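Data block below; observations after.
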Amino acid sequence: MNAYIGRPISVAFVGGDVGQWRIDSIRSVAGDSLPDAKRLAVFEQNLENVSTGSAWILRGSTSNARYTFQKEAEALSEAQEGLGRPQATCAALIPVRKSSAWWSLAQDQRRSIFEDQSHHIRIGLEYLPGVSRRLHHGRELGEPFDFLTWFEYSPEDSEAFENLVARLRQTTEWGFVDREVDVRLSRTSRPQLS
């Protein structure tokens with residue numbers, strides 16, 4: 001579902017006592033969870049130092065669509081609406097780390113599992129434009145998660161979002177996930193992501 005084209009954007013997700021998003025829940029899906037926090041602040045910049053009071057900081061950067069063919073990227077771009085829509089008051093931050101078995105595969109093998117077997121893009125397209133998404137890469141930055149996926153959706157699209165996540169977690173691809181945390185949020189002020 002990520003059809004990113006353009007200059008990379010560094011993003012820091014800061015869990016603590018302040019932020020435009022209220023954290024409704026933090027749940028481990030696989031592996032260790034994250035410490036509890038009340039709020040989430042999202043910054044489109046690489047933060048080396050964050051004020052005290054943060055329970056955790058996750059950093060990532062947008063990048064090229066690594067497993068997406070041109071035709072798929074065009075379909076995603078045409079169907080997806082941007083982040084920051086006024087009606088999208090619900091969000092989810094889902095950090096994922098994949099196993100060493102995943103990273104030992106060649107690029108074409110990962111692509112085959114990602115789309116040919118798991119239909120990741122095809123499934124994602126079914127939930128657009130109601131659910132907006134942006135993928136951030138953390139592996140190359142030495143972060144604890146390989147991917148930080150940010151979703152925004154309206155309360156009316158909550159059931160669709162739950163279906164999307166459930167379907168993706170049943171795929172062959174998810175057999176390579178060794179750590180996943182599901183952070184659910186509600187917007188209390190205008191988001192900084194765009």
Side-chain angles (χ1 to χ4, degrees), residues 1-5 8-15 23 25-37 40 42 46 55-77 80 91-128 131-152 160-185:
M1 287 179 54
N2 186 44
Y4 174 78
I5 298 173
I9 301 168
S10 294
V11 179
F13 297 94
V14 182
I23 296 176
S25 66
I26 300 175
R27 179 177 67 89
S28 170
V29 177
D32 294 334
S33 190
L34 291 169
D36 286 336
L40 180 75
V42 182
N46 191 4
W56 43 267
I57 303 167
L58 301 176
R59 293 178 182 87
S61 179
T62 57
S63 184
N64 61 308
R66 297 176 188 184
Y67 305 123
T68 308
F69 293 152
Q70 180 64 33
K71 193 175 199 177
E72 295 163 339
E74 290 169 359
L76 290 166
S77 181
Q80 180 164 291
L93 171 63
I94 302 183
V96 171
R97 183 182 67 211
K98 291 195 174 174
S99 67
S100 58
W102 174 262
W103 295 110
S104 69
L105 297 170
Q107 180 82 358
D108 63 328
Q109 293 173 306
R110 291 195 302 265
R111 161 63 196 197
S112 176
I113 293 167
F114 177 81
E115 188 58 25
D116 300 338
Q117 296 174 39
S118 299
H119 311 294
H120 191 120
I121 297 167
R122 197 172 324 157
I123 290 170
L125 277 165
E126 294 176 31
Y127 296 91
L128 297 177
V131 177
S132 294
R133 174 185 180 264
R134 189 163 76 182
L135 180 65
H136 308 89
H137 297 264
R139 180 175 174 80
E140 293 85 1
L141 304 175
E143 290 292 306
F145 293 96
D146 298 325
F147 307 102
L148 307 172
T149 311
W150 178 258
F151 298 93
E152 292 181 6
F161 178 72
E162 296 302 331
N163 291 336
L164 166 64
V165 174
R167 287 179 68 191
L168 289 173
R169 286 179 178 147
Q170 293 172 358
T171 64
T172 304
E173 178 190 0
W174 246 254
F176 291 91
V177 171
D178 66 11
R179 186 175 182 200
E180 178 184 0
V181 180
D182 190 318
V183 182
R184 298 301 176 96
L185 309 115

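Remember, predicted model here, so these are calculated numbers, not experimental data.
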Aromatic ring proximity His137/Phe147, centre distance under 6.0 Å: yes
Residue pair Val181, Ile94: steps toward the side-chain contact (heavy atoms from CB on, under 4.5 Å) verdict: CA-CA 6 Å; Val181 180; Ile94 302 183; over 6 Å; no
Derivation of the side chain to side chain donor-acceptor pair (under 3.5 Å) call for Arg110 and Gln107: CA-CA 5 Å; Arg110 291 195 302 265; Gln107 180 82 358; 2.8 Å; yes
Heavy-atom pair of closest approach, residues Leu93 and Leu185: N-CD1, 3.8 Å
Euclidean distance, His120 NE2 relative to Phe114 CZ, rounded to 0.5 Å: 4.5 Å
Donor-acceptor contact present, side-chain Gln117 to main-chain Thr172, <3.5 Å: no
Donor-acceptor pair, side chain of Ser118 and main chain of Glu115, under 3.5 angstrom: no
Between Phe151 and Phe161, ring centroids under 6.0 Å: yes
Trp102 and Asp146 side chains, donor-acceptor separation under 3.5 Å: no
Distance, nearest 0.5 Å, that separates CD of Glu180 from CZ of Arg97: 12.0 Å
Sidechain-backbone polar pair: Trp56 side chain, Val14 backbone, donor-acceptor under 3.5 Å: no
Polar side-chain atom of Arg179 near backbone of Ser33 as donor-acceptor pair, under 3.5 Å: yes
Steps toward side-chain contact (heavy atoms from CB on, under 4.5 Å) verdict (Trp174, Leu168): CA-CA 7 Å; Trp174 246 254; Leu168 289 173; 4.2 Å; yes
Criterion salt bridge (Lys or Arg N to Asp or Glu O under 4.0 Å) on Arg27 and Asp182, from CA distance to verdict: CA-CA 5 Å; Arg27 179 177 67 89; Asp182 190 318; 3.8 Å; yes
CZ on Phe13 to CD1 on Ile57, rounded to 0.5 Å: 13.0 Å
Evaluation steps, side-chain contact (heavy atoms from CB on, under 4.5 Å), between Arg133 and Trp150: CA-CA 6 Å; Arg133 174 185 180 264; Trp150 178 258; over 6 Å; no
Approximate separation, where rounding is to 0.5 Å, of Leu34 CG and Ser28 OG: 9.0 Å
Minimum heavy-atom distance Arg169-Val29, with the two atoms named: NH2-CG2, 3.6 Å
Donor-acceptor contact present, side-chain Gln170 to main-chain Arg167, <3.5 Å: no
